[in-house]
2 protein chains.
Amino acid sequence: MKEPPWKVGELARNTGMSVRALHHYDEIGLLRPSLRTAAGHRLYGRPDIERLQQIHSLRLMGISLEETKRLLDGAAASPRQVIDMHLARLHEQMAMQKQLVRRLKALADHLDTAKPLSLEELCKTIEEMMRVEKYFTPEQLDVMEQRRISVGEERMRTVRDDWNEIIPKVRAAMENGADPTSPEVLALARRWKVLVEEFTGGDPAIANAVKTMYNDDGPALQEKLGNVPTKEMFAYICKSIEALKS
Amino acid sequence: MKEPPWKVGELARNTGMSVRALHHYDEIGLLRPSLRTAAGHRLYGRPDIERLQQIHSLRLMGISLEETKRLLDGAAASPRQVIDMHLARLHEQMAMQKQLVRRLKALADHLDTAKPLSLEELCKTIEEMMRVEKYFTPEQLDVMEQRRISVGEERMRTVRDDWNEIIPKVRAAMENGADPTSPEVLALARRWKVLVEEFTGGDPAIANAVKTMYNDDGPALQEKLGNVPTKEMFAYICKSIEALKS
DNA sequence: TCTAAACCCTACCGTAACGTGAGGTGCAAG
DNA sequence: CTTGCACCTCACGTTACGGTAGGGTTTAGA
């Protein structure tokens with residue numbers, strides 16, 4: 001290992017950076033060698049090497065070259081602020097990526113359980129997911145996914161079967177004009193309430209979002225999911241659930 | 001809302017995409033309008049609109065335009081494979097981002113607790129963190145961070161104080177040639193063991209990594225952290241801990 | 001001292017998915 | 001007939017370099 005000044009290749013070998021990167025840093029004014037030979041070859045002196053090490057450190061933290069330059073040239077906010085801003089950006093990105101992962105997993109699940117899907121059907125399913133997703137905050141979606149994981153595949157299926165059993169019964173009761181406070185309807189209301197609580201984890205905000213979703217997008221969901229409560233059914237069963245409390 | 005065919009602006013308004021994006025899709029051959037007016041204005045027909053909706057769906061999943069094109073043109077792997085690959089990429093990225101977040105948080109912590117740092121010192125600290133980090137797998141670092149969070153700030157400080165008390169004592173005992181099986185050293189070994197277990201969460205792999213770290217980078221760490229066990233001290237106290245077991 | 005290998009230079013294209021003009025044309029309403 | 005809006009085609013900018021081309025420089029060995 002020679003003494004400085006070093007030529008660009010030597011510096012590259014000794015620091016693990018690429019020659020091209022060093023050229024780039026020179027181009028953008030982040031690290032210009034303090035010397036050149038008569039022929040124009042770059043010569044990096046000891047201060048340049050120190051600066052390069054600092055650049056390297058900041059790069060390891062994911063700081064952009066632009067910010068790095070501002071920091072090293074003393075024309076930036078405090079390091080602390082740079083770090084905080086960077087953390088904020090990272091958190092934002094990670095939130096978006098988590099959202100994507102959630103969607104993709106749900107889609108993969110769908111591909112696993114349902115029959116083979118054509119591309120158009122797949123795309124329709126995606127649109128459907130988005131329609132549903134927009135009613136919930138990312139945090140709520142997170143909570144719901146955690147619940148799905150902790151509850152397990154099997155329980156999920158039985159819950160779905162329960163819904164498929166209860167919903168037609170409620171519809172029938174309503175259409176027959178049965179009194180919401182009658183014992184049969186109250187029994188349905190009790191089961192309904194349990195299922196809702198199981199799904200929402202007892203979070204009323206989630207329950208509310210679900211209701212809004214069915215109210216606003218009922219027809220579309222009906223078409224997609226097949227068996228779905230209507231606004232009127234919500235009102236009906238809510239009356240019954242109210243009656244349960246007293 | 002007119003009937004198709006639509007011009008770009010109308011299509012853009014009705015789909016929420018930007019005109020420029022539609023131009024771009026045309027440029028790269030992802031969505032070329034099936035008609036043009038004599039003057040060259042793009043006219044999108046009904047099949048184009050369907051294709052655009054599919055593009056939109058896939059974009060919502062974060063699929064690249066390139067993959068989208070391959071998928072829609074039927075020249076790609078199965079949707080399932082595309083999803084899986086995409087998930088894998090996302091996980092990789094998120095792992096890297098988590099790593100960055102960990103580093104930045106540690107750095108912010110350092111800035112909070114220690115005295116105000118110059119930029120050079122900050123960079124040295126970063127290099128130091130990297131030196132330490134390389135001894136652990138990302139999973140181990142994760143575990144350690146979780147422990148730090150669950151243990152809490154206060155306990156961390158008392159643990160550090162404990163180390164600062166014990167290490168000199170062990171050094172002194174060793175330099176005085178005290179028998180590792182003597183009662184005083186055994187008492188030290190007991191405390192040492194507890195502290196190690198607290199820090200590692202009982203994971204011997206982590207304990208091992210720590211030992212390797214001090215063995216390999218002892219001098220550098222000594223300089224940075226000030227008060228650090230040597231290889232010999234490890235050997236000495238290990239003998240004593242062995243003696244504890246019997 | 002000569003030559004060939006190794007090294008260096010500048011300059012340009014490419015990356016992903018558009019945003020943002022610039023400069024020119026098409027078209028319907030007043 | 002003109003105004004104004006929508007449309008067109010370039011073409012550059014964004015990040016942090018990688019890769020390559022074409023040509024000069026340095027250096028080690030013969």
Side-chain angles (χ1 to χ4, degrees), chain A residues 2 5-44 48 52 55-72 82 85-86 89-90 92-93 96-97 100, chain B residues 2 5-33 35-44 48 52 55-72 82 85-86 89-90 93 96-97 100:
Chain A
K2 278 184 47 194
W6 286 338
K7 296 169 77 171
V8 63
E10 297 167 317
L11 183 57
R13 266 193 301 282
N14 288 322
T15 60
M17 325 245 2
S18 74
V19 170
R20 187 63 185 84
L22 294 171
H23 281 178
H24 183 60
Y25 295 166
D26 190 1
E27 269 172 36
I28 63 172
L30 175 57
L31 177 66
R32 359 201 65 138
S34 39
L35 285 173
R36 292 262 193 162
T37 68
H41 288 196
R42 292 169 179 81
L43 291 177
Y44 293 86
D48 300 331
L52 180 57
I55 293 169
H56 180 235
S57 300
L58 296 173
R59 295 257 57 217
L60 285 175
M61 305 311 266
I63 310 282
S64 75
L65 297 187
E66 191 58 33
E67 290 258 43
T68 299
K69 194 163 102 169
R70 279 203 293 270
L71 264 171
L72 293 185
V82 171
M85 283 174 51
H86 200 54
R89 267 198 300 275
L90 280 172
E92 231 177 291
Q93 281 185 33
M96 286 176 48
Q97 290 182 342
L100 272 186
Chain B
K2 280 183 48 192
W6 287 338
K7 297 168 81 171
V8 268
E10 297 167 317
L11 184 57
R13 266 192 302 281
N14 289 321
T15 60
M17 326 243 2
S18 73
V19 170
R20 184 60 180 91
L22 293 171
H23 282 179
H24 183 59
Y25 296 166
D26 189 2
E27 271 173 36
I28 63 173
L30 174 58
L31 177 66
R32 0 200 65 138
L35 285 173
R36 292 262 192 162
T37 69
H41 289 198
R42 292 170 177 81
L43 292 177
Y44 293 86
D48 300 332
L52 180 56
I55 292 169
H56 180 234
S57 301
L58 296 173
R59 294 258 56 218
L60 285 175
M61 305 311 265
I63 311 282
S64 74
L65 297 186
E66 191 57 41
E67 290 258 44
T68 299
K69 194 162 100 168
R70 279 202 294 269
L71 264 172
L72 294 185
V82 171
M85 283 174 50
H86 200 54
R89 266 198 302 275
L90 279 173
Q93 282 185 31
M96 286 177 48
Q97 290 182 343
L100 271 187

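None of the values given here were measured: they were computed from a predicted structure. Numbers restart at 1 for each chain; the letters A, B, ... are given by sequence-line order, proteins then strands.
Remark: P of C/dA6 and CZ of A/Arg13 are 12 Å apart, rounded to the nearest angstrom. Rounding to whole angstrom units, NZ of residue A/Lys69 and C1' of D/dA16 are separated by 14 Å. Going from atom CZ of A/Arg32 over to atom P of C/dC9 covers 14 Å, rounded to whole Å. Here the C1' atom of nucleotide D/dA16 and the CD atom of A/Glu27 are 11 Å apart, to the nearest Å. Protein atom NE2 of B/His56 is 11 Å distant from nucleotide atom P of C/dC18, rounded to whole Å. Atom CG in A/Leu11 sits about 10 Å away from atom P in C/dC8, given to the nearest Å. We find that CG of B/Leu22 is positioned 14 Å from C1' of D/dC8, with the value rounded to whole Å. Note: CD1 (B/Ile63) to P (C/dA16) measures 15 Å, nearest angstrom.
Note on A/Ser18: a side-chain N or O is less than 4.0 Å away from OP1 or OP2 of D/dG18. Listed pair A/Arg20 / C/dC12 fails the phosphate criterion, with no side-chain N or O lying under 4.0 Å from OP1 or OP2. Dashed line: the shortest gap from a side-chain N or O of A/Tyr25 to OP1 or OP2 of D/dC17 is under 4.0 Å. Checking the phosphate oxygens (OP1, OP2) of C/dA16, no side-chain nitrogen or oxygen of B/Arg59 falls inside 4.0 Å.
Ion pairing between a basic and an acidic side chain is recognised when a charged N comes within 4.0 Å of a carboxylate O; A/Arg70 and A/Glu67 show such pairing. A salt bridge links A/Arg36 with A/Asp26: the closest approach of a Lys/Arg side-chain nitrogen to an acidic carboxylate oxygen falls below 4.0 angstrom.
Helix bend of the helix from C/dT1-D/dA30 to C/dG30-D/dC1: the angle between its two end axes, each built from five pairs, comes to 30° after rounding to 10°.
Closest approach to the A/Ala21 side chain among C/dA17, D/dC17, C/dC9 is made by D/dC17 (side chain taken as heavy atoms from C-beta onward). When distances run from any side-chain atom of B/Arg36 to the nucleotides C/dC9, C/dC18, D/dC8, the shortest one goes to D/dC8.
Taking the nucleotide of DNA chain C with the nearest heavy atom to each of A/Glu10 and B/Met17, the more 5' of the two is matched to A/Glu10.
A/Val19 and A/Ala12 make their closest contact through CG2-CB, 3.8 Å (heavy atoms, listed as atom of the first residue, atom of the second, distance). Residues A/Ser34 and A/Asp48 come closest through the heavy atom pair OG-OD2, 2.7 Å. In terms of heavy-atom proximity, B/Tyr44 sits nearest to B/Lys7 at CD1-C, 4.5 Å.
With hydrogens and angles disregarded, a donor-acceptor distance shorter than 3.5 Å links the side chain of B/His86 to the backbone of B/Gly62. Remark: the backbone N or O of B/Thr15 is not paired with any side-chain donor or acceptor of B/His56 at under 3.5 angstrom.
Atom CG in B/Leu31 sits 4.5 Å away from atom CD1 in B/Ile55 (nearest 0.5 Å).
At the heavy-atom level, B/Val8 lies under 4.0 Å from the strands shown only through sugar-phosphate atoms.
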Reading 5' to 3' through nucleotides 21-28 of chain D, protein heavy-atom contacts under 4.0 Å coded B for base, S for sugar-phosphate only, - for none: ----SS--
Worked verdict on B/Leu11 versus B/Arg42 for side chain to side chain contact (heavy atoms under 4.5 Å, CB included): CA-CA 10 Å; B/Leu11 184 57; B/Arg42 292 170 177 81; over 6 Å; no
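Between A/Arg20 and A/His23, the side chains place no donor N or O within less than 3.5 Å of an acceptor N or O (distance only, hydrogens not considered).
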